[in-house]
Amino acid sequence: MDLYGEFEWRGLVHDATEGAREALGQGQVTGYIGFDPTAPSLHVGSLLVMTALAHMQRCGHAPIAVVGGGTGLIGDPSGKTVERQLLTGEKVEENVAGIRAQLARFLDFDSTTAPARLVNNAEWLNKITAIDFMRDIGKHFSVNAMLAKDSVKRRLESEDGITYTEFSYSLLQAYDFLELFDRFNCTLQMGGSDQWGNITVGMDLIRRVRGAKVHGLVLPLITTASGTKFGKTESGTIWLDPALTKPYEFYQFWLNTHDRDAVKYLKFFTFLHRPEIEELERMTVREPERRHAQRKLAHEVTRLVHGAEAVRDAEVAGQKLFGGSLATMSVADLLQVFPNVPSTTADYVDAGWPIVEFLATSGVVTSKSEATRLIRGGGIYINDERVTDEKFRLLPVHAIQGQLFVVRKGKKDNYLVRLVR
RNA sequence: GGGGAGGUGGCGGAGCGGUCAAUCGCAGCAGACUGUAAAUCUGCCGUCCUAGUGGCUACGGAGGUUCGAACCCUCCCCUCCCCA
C-alpha cells in the first residue's frame with residue numbers, strides 16, 4: 001500500500017519535502033520520529049505521530065522511534081516562549097523508560113520484512129565530545145541562518161532571550177538524523193508541524209556531509225471543532241499511562257468527541273480502512289444520536305493503547321454508570337467497575353458527614369467552597385439523587401447497601417466512594 | 001534622544017477618589033433542552049471559610065497625598081506608535 005497516499009487520504013500530510021511521495025513509492029524507506037521525554041508518559045497529543053510510525057510499518061517501511069534521552073537533557077525551544085527548566089539526568093531516564101513501553105505497543109519489533117526499531121539518542125549524544133561536535137557538526141551551520149529561524153527569532157525578540165544551550169538544540173536533532181542515516185540508512189524524518197524547522201536543519205546537514213537527499217514530512221496540528229486545545233479536559237491532560245488517566249476516562253474522552261471531529265479523528269487515530277470509516281461517517285450523519293463514529297473511535301483507540309480487556313471494562317463501566325438507574329444495580333456490579341472509574345474511600349463514621357465536607361475530603365471537588373457552589377447550582381448527585389441542600393448530612397445508611405456512594409458532578413463526572421470500616 | 005498612547009481578573013476590554021472583588025464580551029463550570037452532542041436559554045465565575053453588613057489576596061513595581069486610591073502625586077520597570 002502506498003504510504004503517502006494513505007497519509008494524504010487521512011489528512012496526515014501538513015507539509016512534505018519535494019520528492020517525498022516518490023521516495024516512499026520506490027521501495028522500503030526507513031523513517032523516524034523523535035519523542036521528547038519531558039514527562040513520564042506520553043499523552044494523546046503524541047498519538048498522531050505514533051500512529052504515523054505504525055502506518056509506515058503497515059505499508060512495508062521501517063519505522064524508528066527515537067526517544068530523546070540525550071536531547072531531553074537540553075529541551076527543544078520550538079514553540080516555547082521562555083527558557084525551559086532543565087530536567088535532571090535521572091528524571092529523563094525515568095521518563096525514557098515510561099515512554100519506551102508506550103511506543104512499543106504500536107510497533108512490531110519482530111517483523112522480518114519491515115522491522116521497527118526503538119533507539120535512544122543518548123546512545124550517541126552522550127558520547128560525542130564537545131570538540132568533535134563543533135568540528136564535525138557545528139562547522140556546517142551558519143549562525144546567520146540559525147538566527148533567521150522563527151523559533152529562535154521569537155525568542156531573541158523576547159525579553160528573556162535564549163540561552164546558547166537551547167539555541168544549539170536543532171543541531172543536536174540534526175545530528176540525530178545524520179546518525180540514523182549512517183546507521184540505518186534512515187532517509188525520512190516525520191514529526192508534528194512545529195518540527196519542520198528542526199527537520200530541515202537535519203536534511204541540510206546530511207546533504208552537506210554525505211551528499212544525500214533525504215526527506216521530511218510533518219503532520220498537521222490537531223484542532224477541535226470547539227476551538228479548545230486537543231487532549232485536555234477539565235480534569236487535565238489525557239495521558240496514555242493508565243496510572244495517570246484511567247482507561248475508563250480515556251475511553252470517555254474519545255466518546256465525548258464532537259460530531260464534527262469524530263470522522264477526522266477516526267482517520268487520524270485508528271487503522272480502520274477507508275470503506276469502514278466512510279460507512280461510519282454515513283451512519284453518523286443518519287443517526288447522530290447513536291454516535292457510531294465516536295463509539296468506534298473510543299473503542300479502537302482505547303484498544304490500541306490499553307488493550308481489549310481495558311476496552312471491555314471501560315464500556316461496561318460506562319453502561320453501568322450511564323445506562324440505567326443505580327437503584328437496580330447491585331453493589332457487586334458497582335464494585336466490579338470500581339477500579340475503572342475515579343474512586344476513593346472514606347472512613348466509616350456513625351454520625352455521617354456534612355455533605356460539603358464529604359465532597360471535599362473525598363477529592364471530588366477541591367474545596368468546600370467549590371462544593372457549596374456546585375450544590376447551589378444543582379450539580380451534585382449522590383446515588384443519582386440531586387443534593388439540593390448544602391447543609392445536608394450524609395449518613396452511612398444512605399450508602400448503597402451501606403457500602404458505596406456514587407457521587408456525580410455535573411452530567412458525566414462520576415466518582416465512586418467506598419466506605420471503609 | 002524627542003513626542004504620544006498605554007500596562008486592570010485565563011484572554012479581550014470598561015472603570016479614572018468612596019456604593020469596586022471591579023460593567024461587558026470570550027473561555028470555563030453548573031442547570032434546562034438533548035444524544036454522556038452542537039446551538040440556544042438560565043445561574044455561577046479572585047480565593048477561603050464557621051456563608052457573614054465575613055477573612056485574605058488583587059487593577060505593572062515602590063513610595064506618597066487622603067478618613068478613604070484601580071482611579072490623584074513622585075520615582076522606577078515594561079509595551080506600543082510617531083519623529084531623529
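Residue numbering restarts at 1 for every chain, and letters A, B, ... go by the order of the sequence lines. What you see is a predicted model; the values in this text were computed from it and never measured.
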Asker: Quick one: A/Q319 CD to B/G35 P, roughly how many Å, whole number?
Answerer: 18 Å

Asker: Quick one about A/H258 and A/R260 (side-chain donor to acceptor, distance below 3.5 Å, no hydrogens or angles considered), yes or no?
Answerer: yes

Asker: Taking 4.0 angstrom as the limit, do A/R408 and A/D413 come out as a salt bridge?
Answerer: no

Asker: Touch check for A/R290, heavy atoms < 4.0 angstrom, all strands: base, sugar-phosphate only, or nothing?
Answerer: nothing

Asker: Rounded to the nearest angstrom, tell me the gap between atom CG in A/L297 and atom P in B/A37.
Answerer: 16 Å

Asker: Taking the C1' atom in each of B/U66 and B/A14, what is the distance between them to the nearest angstrom?
Answerer: 26 Å

Asker: Would you indicate, yes or no, if B/C48 has its OP1 or OP2 atom less than 4.0 angstrom from a side-chain nitrogen or oxygen of A/R373?
Answerer: yes

Asker: Of A/G410 and A/Q294, whose nearest nucleotide on RNA chain B comes first from the 5' end?
Answerer: A/G410

Asker: Side chain of A/D259: nearest nucleotide among B/U36, B/G35, B/C48?
Answerer: B/G35

Asker: Determine the interatomic distance between P on B/C29 and the same-named atom on B/G61; round to the nearest Å.
Answerer: 30 Å

Asker: In whole angstrom, give the distance that lies between atom CG of A/D413 and atom P of B/A30.
Answerer: 7 Å

Asker: Tell me the interatomic distance from A/I355, atom CD1, to B/C49, atom P, rounded to whole angstroms.
Answerer: 15 Å

Asker: Establish, from distance only, whether the side-chain atoms of A/S41 and A/Q102 form a donor-acceptor pair under 3.5 Å.
Answerer: yes

Asker: Of the nucleotides B/A38, B/U36, B/U34, which has the atom closest to the A/R260 side chain?
Answerer: B/A38

Asker: Expressed as a whole number of angstroms, how long is the span from A/E287:CD to B/A38:P?
Answerer: 20 Å

Asker: So A/Y381, base contact, sugar-phosphate only, or nothing? Heavy-atom distance under 4.0 Å.
Answerer: sugar-phosphate

Asker: Once hydrogens and angles are ignored, does a donor-acceptor distance under 3.5 Å link the base of B/U34 to the side chain of A/E289?
Answerer: no

Asker: Could you say whether A/L374 or A/S369 is positioned toward the 5' end of RNA chain B, judged by the nucleotide with the nearest heavy atom to each?
Answerer: A/L374

Asker: Of the candidate nucleotides B/G31, B/G35, B/C48, which contains the atom at the shortest distance from the side chain of A/R386?
Answerer: B/G31

Asker: Can a side-chain donor-acceptor contact be found between A/Q189 and A/Q195 if the only test is distance below 3.5 angstrom?
Answerer: no

Asker: For the side chain of A/K368, counting heavy atoms from C-beta on, which of B/G35, B/U50, B/G31 is nearest?
Answerer: B/U50

Asker: With a 3.5 Å cut-off and sequence neighbours excluded, list the donor-acceptor pairs that the side chains of residues 309-316 of chain A form with protein atoms.
Answerer:
residue: A/E315; atom: OE2; partner: A/Y251; partner atom: OH; Å: 3.1
residue: A/E315; atom: OE2; partner: A/H299; partner atom: ND1; Å: 2.8

Asker: Under 3.5 Å for both pairing distances: what stems, at least three Watson-Crick or G-U pairs long, include RNA chain B?
Answerer: B:1-7 with B:77-83, B:10-12 with B:24-26, B:28-32 with B:40-44, B:46-48 with B:54-56, B:60-64 with B:72-76

Asker: Figure out the CD1/C1' separation between A/I380 and B/C29, and round it to whole Å.
Answerer: 11 Å

Asker: Ignoring hydrogens and angles, state whether a donor on the side chain of A/H215 or A/T17 is under 3.5 Å from an acceptor on the partner side chain.
Answerer: yes

Asker: What's the CZ-P distance between A/R408 and B/A30, to the nearest Å?
Answerer: 11 Å

Asker: Rounding to the closest angstrom, what is the interatomic distance between B/U19 and B/G4 at atom C1'?
Answerer: 36 Å

Asker: Taking the basic N atoms (NZ, or NE/NH1/NH2) and the acidic carboxylate oxygens, is any pair closer than 4.0 Å for A/R58 and A/E6?
Answerer: no

Asker: Would you say the side chain of A/Q173 lies within less than 4.5 Å of the side chain of A/V201, judging by non-hydrogen atoms?
Answerer: no

Asker: Strictly below 4.0 Å: does A/K411 bring a side-chain N or O up to OP1 or OP2 of B/U34?
Answerer: no

Asker: Measuring only the C1' atom in each nucleotide, how far is B/C44 from B/A21? A whole number of Å is fine.
Answerer: 15 Å

Asker: In terms of side-chain geometry, is the basic nitrogen of A/R373 or A/E370 positioned less than 4.0 Å from the acidic oxygen of its partner?
Answerer: no

Asker: Taking only the P atom of each, what is the distance from B/C72 to B/U8 in whole angstrom?
Answerer: 16 Å

Asker: At under 4.0 Å, does any side-chain N or O of A/T372 touch on OP1 or OP2 of B/A51?
Answerer: no

Asker: Does A/S367 put a side-chain nitrogen or oxygen below 4.0 Å from OP1 or OP2 of B/C48?
Answerer: yes

Asker: Write down the distance between CG (A/D389) and P (B/A51), rounded to a whole number of angstrom.
Answerer: 13 Å

Asker: Is A/K246 salt-bridged to A/E249, cutoff N-O under 4.0 Å?
Answerer: no

Asker: Determine the Euclidean distance between corresponding C1' atoms of B/C59 and B/G9; express it in Å to zero decimal places.
Answerer: 8 Å

Asker: Quick one: which of B/U34, B/U36, B/A51 gets closest to the side chain of A/N256?
Answerer: B/U36

Asker: Can you tell me how far P in B/G25 sits from the matching atom in B/G18, rounded to whole Å?
Answerer: 24 Å

Asker: Determine the Euclidean distance between corresponding P atoms of B/G64 and B/U53; express it in Å to zero decimal places.
Answerer: 35 Å

Asker: When all nucleic acid strands are considered with a 4.0 Å heavy-atom cut-off, which category describes A/E390: base, sugar-phosphate, or nothing?
Answerer: nothing

